[in-house]
Amino acid sequence: MPPSTDLRDLLAGAVLAVAPRLLGSVLRHGEVACRITEVEAYDGARDPGSHANRGETARNAVMFGPPGHLYVYFTYGMHYCCNVVCGPPGSPSAVLVRAGEVVDGLDLARARRTPARSDRDLARGPANLCQALGIEAKQNGHDLTRPPLTMTPPELLADDVRTGPRVGLRLAADRPWRFWLPKEPSVSTYRPAVSRRRGP
DNA sequence: GCTCCGATTATCT
DNA sequence: GATAATCGGAGCG
């Protein structure tokens, strides 16, 4: 008998409370499953770093919908990243899933991630994680209570959660809204967004 | 481990 | 037209 950690109950809260509680949860798509080790919170329309901060558009519409759905976006011309939409209703908040440990379907994950030099790299970084799990544009808006793409909350809350700045943002780069589990090899090293100089 | 840099295109100004 | 919630390879330590 599992504890009362129903996914919908968990995701109903405010994103800054929800994000660290998702560490240790399992995101499964078919035969591949990842235990989540690193996430970031995106706090509604007030968050300058969020895709939702300029209002609803075709791309970010899922963030404005009900909790428990997956917001998948395409970036840098070649990568997908996925977020879990959370509450409260009407606030376009979401948790970016940045990294995880592949705990099932290793063979398929390895086949999808041929550049990975070791298993810890299979789902290290948000775009790599999506690739390992086979998450693409057609999974945008998916309800995570419906197999084959599901999220299962952890049985125990992580008791040692680290926090720091979010990765790759120029806006609101000071907010420590990245959460990760210590001593997990799948957690990315921090890369600040640098304003790349062009020309002399 | 680190830093530099090119790939490649949807999205928004 | 510029930017982007990124990645991997090259070169260095």
Side-chain angles (χ1 to χ4, degrees), chain A residues 15-16 18-20 22-23 27 34 36-65 69-86 91-100 102 109-141 151 162-180 182-200:
Chain A
V15 66
L16 291 177
V18 170
L22 288 180
L23 293 171
L27 184 58
C34 286
I36 303 308
T37 57
E38 179 187 2
V39 298
E40 284 175 1
Y42 287 84
D43 188 18
R46 300 178 303 287
D47 179 358
S50 171
H51 289 169
N53 90 98
R54 290 182 201 267
E56 184 172 345
T57 65
R59 174 171 73 156
N60 65 22
V62 173
M63 292 181 89
F64 289 78
H69 291 241
L70 201 63
Y71 165 48
V72 182
Y73 68 91
F74 186 66
T75 192
Y76 288 101
M78 61 189 100
H79 299 302
Y80 294 99
C81 299
C82 71
N83 300 247
V84 179
V85 176
C86 61
S91 82
S93 302
V95 177
L96 172 68
V97 183
R98 284 198 57 86
V102 175
R110 288 173 180 145
R112 286 170 171 162
R113 291 272 303 115
T114 49
R117 311 226 273 84
S118 69
D119 285 348
R120 79 166 203 178
D121 294 329
L122 290 174
R124 191 181 204 227
N128 290 336
L129 179 139
C130 281
Q131 195 168 5
L133 284 167
I135 291 173
E136 300 179 9
K138 64 174 149 185
Q139 276 76 36
N140 187 38
M151 176 160 245
R162 304 301 163 91
T163 68
R166 296 178 290 186
V167 174
L169 294 192
R170 295 195 309 170
L171 274 39
D174 54 318
R175 304 188 188 190
W177 291 350
R178 174 181 178 227
F179 304 87
W180 68 92
K183 294 191 244 180
E184 290 287 343
S186 57
V187 172
S188 3
T189 54
Y190 175 57
R191 285 191 310 277
V194 290
S195 45
R196 215 177 281 174
R197 34 174 299 167
R198 84 205 90 202

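Remember, it's a predicted structure, so these values are computed and weren't measured experimentally. To find a chain, count down the sequence lines: A is the first, B the second, and so on, and within it residues start at 1.
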Participant: Tell me every residue that passes side chain to side chain contact (heavy atoms under 4.5 Å, CB included) with A/P185, counting only those two or more places apart in sequence or in another chain.
Facilitator: A/R120
Participant: With rounding to the nearest 0.5 Å, note down the distance linking CG in A/L133 to CZ in A/R113.
Facilitator: 11.0 Å
Participant: May I have the distance from A/F179 (atom CZ) to C/dA5 (atom C1'), rounded to whole angstrom?
Facilitator: 15 Å
Participant: How does DNA chain C look in dot-bracket notation if pairs are Watson-Crick or G-U with both distances under 3.5 Å, crossing ones as [ ], other-strand ones as |?
Facilitator: ||||.|||||||.
Participant: Atom CG in A/L27, atom CG in A/L129: separation rounded to 0.5 Å?
Facilitator: 6.5 Å
Participant: Near DNA chain C, which residues from residues 71-79 of chain A have a heavy atom under 4.0 Å away?
Facilitator: A/Y73, A/Y76, A/H79
Participant: Figure out the CZ/P separation between A/R120 and B/dG1, and round it to whole Å.
Facilitator: 5 Å
Participant: Locate the shortest heavy-atom distance separating A/V18 from A/V95; write the atom from each residue and the value.
Facilitator: CG1-CG2, 4.4 Å
Participant: Locate the shortest heavy-atom distance separating A/S50 from A/P92; write the atom from each residue and the value.
Facilitator: OG-O, 4.5 Å
Participant: Starting at the 5' end of DNA chain C and moving along, which residue's nearest nucleotide shows up first, A/A127 or A/L171?
Facilitator: A/L171
Participant: What contact category does A/R59 fall into here, base, sugar-phosphate, or nothing, at under 4.0 angstrom with non-hydrogen atoms?
Facilitator: sugar-phosphate
Participant: Is it the case that the side chain of A/N60 and the backbone of A/T57 share a donor-acceptor pair, with hydrogens and angles ignored and the cut-off at 3.5 Å?
Facilitator: yes
Participant: For A/D119, give me all partners under salt bridge (charged side-chain N to carboxylate O under 4.0 Å, His left out), at least two apart in sequence or on another chain.
Facilitator: A/R110
Participant: Taking atom CG of A/L169 and atom CZ of A/R175, what is their separation to the nearest 0.5 Å?
Facilitator: 10.0 Å
Participant: Could you tell me the separation between the OH atom of A/Y190 and the P atom of B/dC2, rounded to a whole number of Å?
Facilitator: 13 Å
Participant: Please list every donor-acceptor pair under 3.5 Å in which a side-chain atom of residues 69-83 of chain A meets a protein atom from a residue at least two apart or in another chain.
Facilitator:
from, atom 1, to, atom 2, distance (Å)
A/H69, ND1, A/G141, O, 2.9
A/Y71, OH, A/H51, ND1, 2.8
A/N83, ND2, A/Y71, O, 3.3

Participant: Excluding sequence neighbours, so at least two apart, what forms side chain to side chain contact (heavy atoms under 4.5 Å, CB included) with A/T163?
Facilitator: A/F179
Participant: Give me the residues of residues 38-45 of chain A where at least one heavy atom lies under 4.0 Å from an atom of DNA chain B, by number, or none.
Facilitator: none
Participant: Of all the heavy-atom pairs spanning A/A94 and A/V15, show the shortest one and how long it is.
Facilitator: O-CG2, 3.6 Å
Participant: Rounded to whole angstroms, how far apart are CG on A/L129 and P on C/dT6?
Facilitator: 13 Å
Participant: I need the CG-P distance between A/L70 and C/dA5, as an integer number of Å.
Facilitator: 17 Å
Participant: Using a cut-off of strictly less than 4.0 Å between a heavy atom of the residue and any atom of DNA chain B, enumerate the qualifying residues of residues 46-57 of chain A by number.
Facilitator: A/R54, A/T57
Participant: Looking only at heavy atoms, which two atoms of A/A173 and A/P165 are closest? And how far apart?
Facilitator: O-CB, 3.4 Å
Participant: With sequence neighbours left out, write down each residue that passes side chain to side chain contact (heavy atoms under 4.5 Å, CB included) with A/P182, or none if nothing qualifies.
Facilitator: A/D160, A/R162
Participant: Can you sort out the partners of A/F64 under ring pair (Phe, Tyr, Trp, His ring centres under 6.0 Å), two or more places apart, ordered by chain and number?
Facilitator: none
Participant: Which residue pairs pass the salt bridge (Lys or Arg N to Asp or Glu O under 4.0 Å) test with at least one member in residues 36-58 of chain A, sequence neighbours excluded?
Facilitator: A/E38-A/R98, A/E38-A/R178, A/E40-A/R98, A/D43-A/R46, A/D47-A/R166
Participant: Assign a letter to each nucleotide of nucleotides 8-13 of chain C from its 5' end: B, base within under 4.0 Å of a protein heavy atom; S, sugar-phosphate only; -, no contact.
Facilitator: S-----
Participant: For the atom pair CH2 (A/W180) and OG1 (A/T37), what is the distance rounded to the nearest 0.5 Å?
Facilitator: 11.5 Å
Participant: If you only use heavy atoms from C-beta on, which nucleotide in C/dT3, B/dT11, C/dC7 is closest to the side chain of A/R170?
Facilitator: C/dT3
Participant: Counting only side-chain N and O atoms of A/R191, is one of them less than 4.0 Å from OP1 or OP2 of C/dC7?
Facilitator: yes
